[in-house]
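A short worksheet on the structure shown next.
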2 protein chains.
Amino acid sequence: MNLELDFRSGIPIYLQVVDRIREMIADGRLKPGGQLPTVRALAAELRVNFNTVARAYRILDEAGIISTQQGRGTYILENPPPAESESMRRAAFASLTDRYLADALRLGFPPEEILAALRQQMKSKEEGVEK
Amino acid sequence: MNLELDFRSGIPIYLQVVDRIREMIADGRLKPGGQLPTVRALAAELRVNFNTVARAYRILDEAGIISTQQGRGTYILENPPPAESESMRRAAFASLTDRYLADALRLGFPPEEILAALRQQMKSKEEGVEK
DNA sequence: ATTATTATTGTATAATTGTATCATTGTACT
DNA sequence: AGTACAATGATACAATTATACAATAATAAT
């Protein structure tokens, strides 16, 4: 993977890993769809604990740059999130809503009940975030 | 089989498969007595290991919804447990709603807008049914 | 028709991968 | 010194995959 770290720079290892990988994706050394080394493999290469690599991967995951999947590995995402256009966003949302409504109706739930369930679900989610 | 998975959702694949199949049975897209794809066939379609599908099938089997038979295949049972039928319908609806809400929020739409879009969509549908 | 062989199906177990939690270390600031 | 906090490590865990296996069906051989 050829990823150089500076253990004396004072910059946390996990941040260095994040930056190096960002660079490699930006300049094409790593390609969308490709697989990154496993946390353990990269950690061994860097002589570092695998949790440190996992932390770097998690940050890149939350940034929408890679996708980490338990048991499968971590992959570079196809479309680094350069803010998809508004019209695409609305279209995606519309078709999503369309499909949901069709599915719910097919299950035999009446419109009011569907709205009620959605409101309920939103409420649960909010409370869940409160921790 | 037309079964969509989200590898980034954090929800285990085998649970997603369980939910999707529950939905398809609950809303009639899959019929009692019918045969499900073999674990290997479905796994190939989903780009997943067949043990992951087997795990989903086992859960559905233990719930009394399908019957998996070594060397023969897996079949949808004729009489879903009477109590199971209604709860299955509700479970399917719940997971459907959960997934829709998560997807919509990820697209960046606020709760009120989601509800509004759904109401709008219902209205269109009603009018569309009238001749 | 019967039997043997091969292919296809689900099952069991171990290995691999990322995740969660807590302990340890080091550094900055009182 | 002592405290607080961030970074890293150790350990246990859950999801997925890899491999070998057993049961049933399908086919070939006789």
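Chain letters run A, B, ... following the sequence lines, proteins first, then strands; residues in each count from 1. Basis for what follows: all heavy atoms, side chains included, without hydrogens, waters or symmetry-related copies.
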Inset, instruction - State whether Glu23(B) and Arg20(B) are salt-bridged, where the test is any N-O pair (Lys NZ or Arg NE/NH1/NH2 against Asp/Glu carboxylate O) under 4.0 Å. - result: yes

Legend entry - Donor-acceptor contact present, side-chain Thr52(B) to main-chain Val48(B), <3.5 Å: no

Legend entry - Within 6.0 Å of CD in Glu62(B), more than 12 heavy atoms from elsewhere: yes

Inset, instruction - Verify the distance criterion only: is there a donor paired with an acceptor across the side chains of Thr74(A) and Gln69(A) at less than 3.5 Å? - result: no

Legend entry - chain A contact limits on DNA chain D, taken 5' to 3' with a cut-off of 4.0 angstrom to heavy atoms: dA7(D) to dT17(D)

Inset, instruction - Compute whether any side-chain donor of one residue and acceptor of the other, for Gln16(B) and Ser95(B), lie under 3.5 angstrom apart. - result: no

Inset, instruction - Using distance alone, with no hydrogens and no angle criterion, decide if Tyr75(A) and Thr68(A) have a side-chain donor and acceptor under 3.5 Å apart. - result: no

Inset, instruction - For Asp27(A), look at atom CG and say whether over 12 heavy atoms of other residues, nucleotides or ligands are found less than 6.0 Å away. - result: yes

Inset, instruction - Do nucleotides 18-27 of chain C as a string where each nucleotide becomes B, S or -: B if the base has a protein heavy atom under 4.0 Å, S if just the sugar-phosphate does, - if no protein is that close. - result: BBB-------

Legend entry - Length of the CZ-P vector between Arg55(B) and dT13(C), whole Å: 15 Å

Legend entry - Rounded distance (nearest 0.5 Å) linking atom CG of Leu60(A) with atom CD1 of Ile25(A): 6.5 Å

